[in-house]
Amino acid sequence: MTEARTGTVTVEGGELSYELAEGTGPAVVLLHGGLLDRHSWDEQFTRLAAAGRHVVRYDARGHGRSSTVGGDHSHPDDLRALLAHLDVPRAVLVGLSLGSRIALDTALTHPGCVAGLVLTAPGVSGRPFTDPFVTRHTEQQIAALGAGGEEGVGRFVEHFLRMWADGPHRSPAEVDGALRERLRASVTANVLRHAAGFGAGRAREAGAAGRLGELAAPALVLTGELDGADILANARAVADTAPHARGLLVPGAAHMVPLERPDLFEAELDAFLAAF
């Protein structure tokens, strides 16, 4: 396996922190979920690099070691700048949640950069959250952060875990404790590092909800059967509307499919990448 190297790239109003393992075949870019960072892909990055693939992962703006949000910004433009910096003309984008939302928008705004899409628990720009389970926890999450202090941060993170680790169909006790603590550590670190940027700028998005029929790239859409109604609806919309998309419901998982069902996720990813 080629030793991975880290670096930074300047983007509009900030910089991104990335990690690259050089290899053969089409480049694979791993895009993490909201309030997480590139280390949520530790297992998949290591595995793909060991297989000799050209693989990139990075912290999106406002996450991990990348810049805190300081104003209006575009995640797809950030990604395009990263690909240009790394001399990657086209890549397969593998996203989770927010990462899938960014991948979709990138495929619509910069289609020449995208060879394929693996969209896991996808967010879709232009489709609002309406599930009462999510909207209730989001309201409580915002209130907790507004309260400030260590207790407020702790409550904010716990609401994240209820929405995106447990989901609406499980109690915290029914979810793997190690997974919850891994996510807790990641989200807490991101809140402490980037809270000043929450609400500091508007993300310029593609409005993918009304443009799914324009997607030219082949797409695999993976969704946990225990995820919330909004995410399941997003996945169905992509799989049913995008011309070259295929959907798969993953048993025994909620939102964090690659972490809960790495066996199935990696088998499906391998099969998808074999076509390139």
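Computed from a predicted model, the values in this text were never measured in an experiment. If you read the sequence from its start, that first residue is 1, and numbering goes on from there.
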Legend entry - Ring geometry between Phe272 and Phe276 (parallel below 30°, tilted from 30 to 60°, perpendicular above 60°): tilted
Inset, instruction - Could you note down all residue pairs passing side-chain hydrogen bond (donor to acceptor under 3.5 Å, both in side chains) where residues 204-226 supplies at least one of them, sequence neighbours left out? - result: Glu12-Arg204, Arg101-Glu205, Arg211-Glu214
Inset, instruction - Would you kindly check if the NZ (Lys) or CZ (Arg) of Arg38 is within the cone defined by 45 degrees around the ring axis of Tyr58 and under 6.0 Å from the six-membered ring centre? - result: no
Inset, instruction - Determine yes or no for a side-chain-to-main-chain donor-acceptor pair under 3.5 angstrom, with Ser100 supplying the side chain and Ala121 the backbone. - result: no
Inset, instruction - Please confirm whether the backbone N or O of Asp166 pairs with a side-chain atom of Arg170, one donor and one acceptor, at under 3.5 Å? - result: yes
Legend entry - Heavy atoms of other groups near Arg184 CZ, more than 12 under 6.0 Å: yes
Legend entry - Partner set under salt bridge (Lys or Arg N to Asp or Glu O under 4.0 Å) for Arg80, not counting sequence neighbours: none
Inset, instruction - Start with the C-alpha gap between Thr106 and Leu117, add the side-chain angles, then the distance that decides, and say whether side-chain contact (heavy atoms from CB on, under 4.5 Å) holds. - result: CA-CA 10 Å; Thr106 303; Leu117 297 163; over 6 Å; no
Legend entry - Any donor-acceptor N/O pair, Glu174 side chain to Ser171 backbone, under 3.5 Å: yes
Legend entry - Reference residue Phe265; test side chain to side chain contact (heavy atoms under 4.5 Å, CB included); the match among Asp270, Leu96, Val250, Leu222: Leu222
Inset, instruction - Given side chain to side chain donor-acceptor pair (under 3.5 Å), test His32 with Asp37 step by step and report yes or no. - result: CA-CA 6 Å; His32 62 76; Asp37 58 39; over 6 Å; no
Legend entry - salt bridge (Lys or Arg N to Asp or Glu O under 4.0 Å) partners of Arg193, counting only residues at least two apart: none
Inset, instruction - Please check if any side-chain donor atom of Asp230 sits under 3.5 Å from a side-chain acceptor atom of Thr130, or the reverse. - result: yes
Legend entry - Atom pair CG (Leu226) and CD1 (Ile231), whose distance is rounded to the nearest 0.5 Å: 13.5 Å
Inset, instruction - For the pair Glu158 and Arg162, find out whether any cationic side-chain nitrogen is under 4.0 Å from an anionic carboxylate oxygen. - result: no
Legend entry - Leu104 with Val114, same ILVMFWY side-chain cluster at under 4.5 Å: yes
Inset, instruction - Please indicate whether Asp87 has more than 12 foreign heavy atoms, meaning atoms of other residues, nucleotides or ligands, lying under 6.0 Å from its CG. - result: no
Inset, instruction - Give, for atom CG of Leu93 and atom SG of Cys113, the distance between the pair rounded to the nearest 0.5 Å. - result: 8.5 Å
Inset, instruction - Pick out which of Leu31, Leu86, Val28, Leu79 makes a side chain to side chain contact (heavy atoms under 4.5 Å, CB included) with Val56. - result: Leu86
Inset, instruction - Name the orientation class of the two ring planes belonging to His194 and His63 (parallel below 30°, tilted from 30 to 60°, perpendicular beyond 60°). - result: tilted
Legend entry - Electrostatic pair Arg180:Glu260 at N-O distance under 4.0 angstrom: no
Inset, instruction - Give the cluster check for Val118 versus Val88: same hydrophobic cluster or not, with ILVMFWY residues linked at side-chain heavy-atom distances below 4.5 Å. - result: no
Legend entry - Pair His85 + Tyr18: ring centers closer than 6.0 Å: yes
Inset, instruction - Report yes if the distance between the aromatic ring centroids of Phe133 and His137 is under 6.0 Å, otherwise no. - result: yes
